[in-house]
Every structure is written in C-alpha cells, then in structure tokens.
Amino acid sequence: MKILENRGICIGLMLVLVVCGFLLGGYKGLAGAYQKASDVFFLGEDGAGVCVAKDMAERAGALTNLQTVAKKYLAAEDAAAREAADAVNAYTRADGDVSALFAANTSMETAMEALYRELGEKNLSDKDESYRQRLYTEFNSRGDTISHDPYYSYAADYNRILQKFPANLIAALTPIQAAPVSR
C-alpha cells in the first residue's frame with residue numbers, strides 16, 4: 001500500500017492510535033474506580049448490603065408509613081401530604097441513579113419534616129402519636145447513618161483522582177463524571 005509508505009501518514013496514524021489507546025485505557029480504569037464507589041453505595045463496603053441505598057429505602061418506608069398515618073388526619077390535597085407523596089415517587093423513579101437518589105433523599109427529608117410538624121398540630125390518637133415519633137426518629141437515625149457511610153470516602157477518593165493529571169484530561173474527553181456526594 002502506497003499510503004503506508006508515506007512517513008507523515010504513518011506517524012499521524014500512530015499518534016491517533018496511541019491517543020485512542022490512552023483514552024480507552026484511561027476510561028476503562030476510571031470507570032472501574034467509579035464502579036467500586038457505586039458498589040459501596042448499593043451493596044456496602046463488604047458487599048453485605050449495609051449501605052446508603054438500603055438506608056434510603058428504609059427512609060422511604062418510614063415516610064410512606066407516616067403518610068398512612070396522615071391519611072387519617074389530613075385532607076388528600078394537603079400540601080405536606082402531597083410533598084411526601086412526591087418525594088417518595090421521586091425516590092422510586094430514581095432507582096439505580098446515585099445523583100437522583102441523593103436528590104430524592106433531600107426531598108424526603110424536607111417532606112418528612114413538614115409532615116411530622118403538621119401531624120404534630122393535629123389531635124392524634126396516643127398510638128398514632130407514638131408511631132409518628134418512632135417513624136421520625138427512625139428516619140433521622142437512618143439519615144445519620146447515611147452521613148457516616150464509607151461510600152463518601154470512596155467517592156471522595158475517586159473525585160480526587162479525577163482532579164489530577166491525566167485523569168482530568170481523560171474525564172474531559174470521555175463521558176466520565178465525578179461521583180455524586182450529598183450530606
């Protein structure tokens with residue numbers, strides 16, 4: 001082939017192949033590091049299921065249970081009840097998307113607080129009042145657990161890697177993104 005006898009074309013082709021190999025290898029390496037952080041989010045540090053995702057699911061369950069109590073005392077069109085329903089729906093739709101799960105978790109915090117306070121102004125039965133307080137305590141306890149999860153360490157380590165050369169160059173030229181964090 002005559003084209004391969006041209007030194008300039010061969011050097012250009014070699015450079016293109018080296019750059020593509022660099023980007024592909026770097027992308028695979030960074031994607032693997034991100035996957036490790038993601039696995040800690042969804043499975044826990046040791047893979048046993050003690051993780052942010054599990055705690056968020058428990059928070060969604062507590063908010064759902066508080067909604068059940070609220071149905072006895074609040075109108076269906078009540079703003080706090082609607083906000084709680086929207087937050088749980090956002091959590092359900094976010095399945096598998098760490099950024100969306102963090103956003104839904106923040107919405108659930110706001111909704112839980114509003115619903116808890118509004119129900120506190122109603123004349124609840126003793127049983128419902130006790131349940132309201134237990135759900136609120138459990139919800140906040142899970143939030144505290146989330147804030148201390150090892151995921152944040154893995155995400156921070158990964159995000160630090162992305163800020164250094166050559167990872168920052170690879171991230172700029174590929175679809176690699178930072179690991180989401182929210183506290």
Side-chain angles (χ1 to χ4, degrees), residues 16-68 82-116 131 133-183:
V16 167
L17 291 174
V18 167
V19 168
C20 288
F22 170 76
L23 289 175
L24 182 60
Y27 174 78
K28 286 184 69 174
L30 290 173
Y34 177 80
Q35 187 61 48
K36 177 66 176 167
S38 180
D39 287 347
V40 172
F41 182 92
F42 289 105
L43 303 172
E45 190 170 29
D46 60 1
V50 179
C51 58
V52 175
K54 172 81 168 144
D55 289 325
M56 285 182 182
E58 294 295 329
R59 291 183 103 197
L63 183 54
T64 299
N65 289 340
L66 192 61
Q67 285 177 277
T68 302
R82 265 195 332 271
E83 184 179 358
D86 291 346
V88 171
N89 287 336
Y91 168 79
T92 303
R93 287 188 309 270
D95 188 39
D97 180 345
V98 176
S99 292
L101 285 167
F102 274 126
N105 188 53
T106 300
S107 295
M108 288 192 300
E109 286 177 3
T110 303
M112 174 59 96
E113 188 66 34
L115 195 56
Y116 176 79
Y131 192 43
Q133 290 179 16
R134 279 196 325 261
L135 290 171
Y136 187 71
T137 300
E138 171 67 17
F139 185 90
N140 288 325
S141 175
R142 293 291 180 160
D144 187 51
T145 302
I146 288 170
S147 72
H148 294 95
D149 195 88
Y151 166 77
Y152 292 105
S153 176
Y154 284 85
D157 290 346
Y158 170 75
N159 289 341
R160 270 192 295 282
I161 290 169
L162 282 185
Q163 293 174 354
K164 296 179 182 173
F165 182 82
N168 59 357
L169 178 64
I170 294 166
L173 298 172
T174 64
I176 291 290
Q177 295 183 13
V181 291
S182 175
R183 288 191 186 230

### Task
Determine whether I176 and Y158 make a side-chain contact, defined as any pair of heavy atoms from C-beta on separated by less than 4.5 Å.
yes
### Message
Within this structure, what is the OG1-OH distance for the pair T68 and Y131, rounded to the nearest 0.5 Å?
### Response
7.0 Å
### Query
A114 and E83: which non-hydrogen atoms are nearest, and at how many Å?
CB-OE1, 3.9 Å
#### Entry: With R59, the side-chain contact (heavy atoms from CB on, under 4.5 Å) member among M112, K54, E109, E138
E109
### Query
For A179, does its backbone N or O pair with a side-chain atom of N159 as donor and acceptor, under 3.5 Å?
yes
### Query
Where is the tightest heavy-atom contact between C51 and G44, given as atom of each residue plus distance?
CB-N, 3.4 Å
### Message
Show the nearest heavy-atom pair for residues K36 and Y154, with the distance to one decimal.
### Response
CE-CE2, 3.6 Å
### Query
Which pair of non-hydrogen atoms, one from A111 and one from A84, has the smallest distance, and what is that distance?
CB-CA, 3.6 Å
### D86 atom CG, over 12 foreign heavy atoms within 6.0 Å
yes
### Message
Parallel, tilted or perpendicular, judged at 30° and 60°: which one describes the rings of F102 and Y152?
### Response
tilted
### Query
Could you give the distance from CD1 (I146) to CZ (F41), rounded to the nearest 0.5 Å?
7.5 Å
### Nearest non-hydrogen partners of V88 and A60, listed with the distance
CG2-O, 4.2 Å
### Summary
In this structure, CE of M56 is separated from OH of Y91 (nearest 0.5 Å) by 8.0 Å
### Query
Looking only at side chains, do Y136 and E113 share a donor and an acceptor under 3.5 Å apart?
yes
### Query
Which value, rounded to the nearest 0.5 Å, describes the distance between L101 atom CG and T106 atom OG1?
11.0 Å
### Message
Once rounded to the nearest 0.5 Å, what's the spacing between atom CG of L115 and atom CG of L66?
### Response
4.0 Å
### Task
Might you point out which heavy atoms bring Y116 and Q133 nearest each other, and give the distance in Å?
OH-CG, 3.9 Å
### Message
Nearest 0.5 angstrom please: N105 CG to M108 CE, how far?
### Response
4.5 Å
### Query
How about D149 and V40: do any of their side-chain heavy atoms sit closer than 4.5 Å?
yes
### Message
Is it true that Q35 and D39 share a donor-acceptor pair across their side chains at a distance under 3.5 Å?
### Response
yes
